[in-house]
Amino acid sequence: VFVTRKLPAAIPDDYEVWPEEAPPPYAELLARARDCDGLLCMLTDRIDRALIEAGPGFRVISQMAVGVDNIDLEAATRRRIPVGHTPGVLTETTADLAFGLLLATARRIPEAERFLREGRWHYWAPEILLGTDVQGTTLGIVGMGAIGRAVARRAAGFGMRVLYTNRSGAGYAGAQRVELDELLARSDFVSINCPLNDGTRGLIGRRELALMKPSAILVNASRGGIVDEPALVDALRSGRIAGAGLDVYAVEPLPMDSPLLDLSNVVLVPHIGSASVATRGRMAEMALENLRAGLAGRRLPNCANPAVYD
Ligand code: DGY
């Protein structure tokens, strides 16, 4: 068994653990895959078809994340390899971060902190660092799954109206299901909470950003690939939208020459949606549980490709 990073959980002695802080390079992963029974991986590891097919002994792939867009699920299913993931345990923590980004961007909290630390606070004044109110506004949630619903619960505490889109058509009490274009046009805040897949890649592009109010703020704590990043940069730079709070990016880590870093109307954090001590511990335990089940030939408690059991 190869574990691609140290975990906040006890790892059995006979599992091999990548010893470095940085992720193993792809070539290293590929080499290990050749004689692996099981792999415990992270969202930063590219688990593509070549890698899946390189391991004739693979019985299970277990990812410590809910999103599995880095894994070729189809190739795994074809080879009858179950892929584990960690839904549920990170829902509330990720919703906290999404809502935190919403508040931080609306009220310019990081910018205000920099202002104070840089010694620029010489007096209180009526027009310094004015932001946008959150209470009583309209929040549009793109993807009303578990995390989207958790964001909606937080919005209720702020007296926000909630609009949402989802694939399943399921209702949500107190919120209105609308088409994406209507959501974008009517929302003061738009929170992206759908998974990244072929249907959502580039979902928020130039056209969609142009539908948003000039005063609106976009929050993304899902996956960077859902938003067309160059189009977002243009929209932020030209004032087409008012701001963005981002946890995720098209390329991670965010390159230090990214134009996003030159903009003052964005709040940028480094993919920390699920980063609380308790949640990361639960995610690690869950990933180990999925791994053990797969090695023992049992059904994974949380399987991302249940078709493997058909
Ligand atoms: C996930 O689980 O997919 C998050 O992006 C990291 O927790």
Side-chain angles (χ1 to χ4, degrees), residues 3-9 18 21-24 39-48 60-73 76 82-102 141-151 154 166-167 191-204 218-227 229 244-254 267-291 300-306:
V3 182
T4 67
R5 223 69 63 77
K6 287 180 224 156
L7 303 179
W18 179 248
E21 280 284 317
L39 179 69
L40 195 155
C41 57
M42 309 289 138
L43 54 88
T44 45
D45 302 318
R46 176 155 57 94
I47 312 297
D48 59 10
V60 57
I61 295 171
S62 174
Q63 166 133 302
M64 187 182 138
V66 64
V68 287
D69 45 281
N70 58 314
I71 303 177
D72 188 335
L73 281 189
V83 175
H85 68 151
T86 61
V89 289
L90 50 81
T91 298
E92 301 297 332
T93 305
T94 305
D96 282 347
L97 193 272
F99 215 82
L101 276 175
L102 186 156
I141 297 180
V142 179
M144 196 67 139
I147 297 173
R149 291 195 297 273
V151 171
R154 283 151 182 79
N166 65 358
R167 240 181 353 160
S191 177
I192 309 291
N193 295 110
C194 54
L196 175 63
N197 53 41
D198 289 344
T200 63
R201 192 176 301 280
L203 182 69
I204 306 296
L218 180 79
V219 172
N220 189 3
S222 178
R223 286 292 184 270
I226 297 166
V227 177
E229 210 168 86
L246 306 176
D247 184 38
V248 290
Y249 308 90
V251 175
E252 297 183 7
L254 183 67
V267 175
L268 308 170
V269 293
H271 205 146
I272 55 167
S274 64
S276 77
V277 173
T279 293
R280 285 285 165 84
R282 284 193 214 108
M283 288 165 71
E285 293 295 353
M286 202 165 174
L288 285 164
E289 209 177 299
N290 282 328
L291 181 75
L300 308 197
N302 288 284
C303 186
N305 60 340

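When reading the values below, keep in mind they use all heavy atoms of this one structure, side chains included, and skip hydrogens, waters and symmetry mates. Read the numbers this way: they start at 1 and go in the same order the structure lists the ligands and their atoms. Residue numbers count from 1 along this sequence.
- Under the 4.5 Å side-chain criterion, counting only non-hydrogen atoms from C-beta, Leu246 is not in contact with Leu101.
- If you look at Leu43 next to ligand 1, the close heavy atoms, those under 4.0 Å, all belong to the side chain.
- Two residues are said to be in side-chain contact when any heavy atoms from C-beta on lie closer than 4.5 Å; Leu39 and Ile47 meet this criterion.
- Side chains of His85 and Gln63: a donor-acceptor N/O pair is absent below 3.5 angstrom, by distance only.
- Polar contact check, Gly67 against ligand 1: a nitrogen or oxygen pair lies under 3.5 Å apart.
- Atom numbering of ligand 1 starts at 1 in the shown order; those under 4.0 Å from a heavy atom of Met283 are 7 (O).
- Those atoms of ligand 1 with a heavy atom of Ala65 less than 4.0 angstrom away are 1 (C), 2 (O), 3 (O).
- Residues Leu7 and Leu40 have side chains in contact (heavy-atom distance under 4.5 Å, counting atoms from C-beta outward).
- The shortest N or O to N or O distance between Arg280 and ligand 1 is not under 3.5 Å.
- Every pair passing salt bridge (Lys or Arg N to Asp or Glu O under 4.0 Å) that includes a residue from residues 85-100 is listed here, sequence neighbours excluded: Glu92-Arg153, Glu92-Arg154, Asp96-Arg154.
- Under a 4.0 angstrom heavy-atom cut-off, Arg223 registers as being in contact with ligand 1.
- The protein heavy-atom contact nearest to atom 7 (O) of ligand 1 is Ser274 OG, 2.5 Å.
- No side-chain donor from either of Ser222 and Asn220 sits under 3.5 Å from a side-chain acceptor of the other.
- Residue contacts with ligand 1 do not include Met64, since none of its heavy atoms lies under 4.0 Å from the ligand.
- When each of Leu196, Asp247, Thr200 is checked for a side-chain contact (heavy atoms from CB on, under 4.5 Å) with Arg223, only Leu196 meets the rule.
- Residue-to-ligand polar distances place His271 within reach of ligand 1: an N/O pair is separated by less than 3.5 Å.
- Taking distance alone, with nitrogen or oxygen atoms compared against 3.5 Å, Val66 approaches ligand 1 more closely than that limit.
- Within the listing of ligand 1, atoms 2 (O), 7 (O) sit less than 4.0 angstrom from a heavy atom of Leu90.
- Although no hydrogens or angles enter the test, the distance criterion places a donor-acceptor pair under 3.5 Å between the side chain of Ser62 and the main chain of Ala287.
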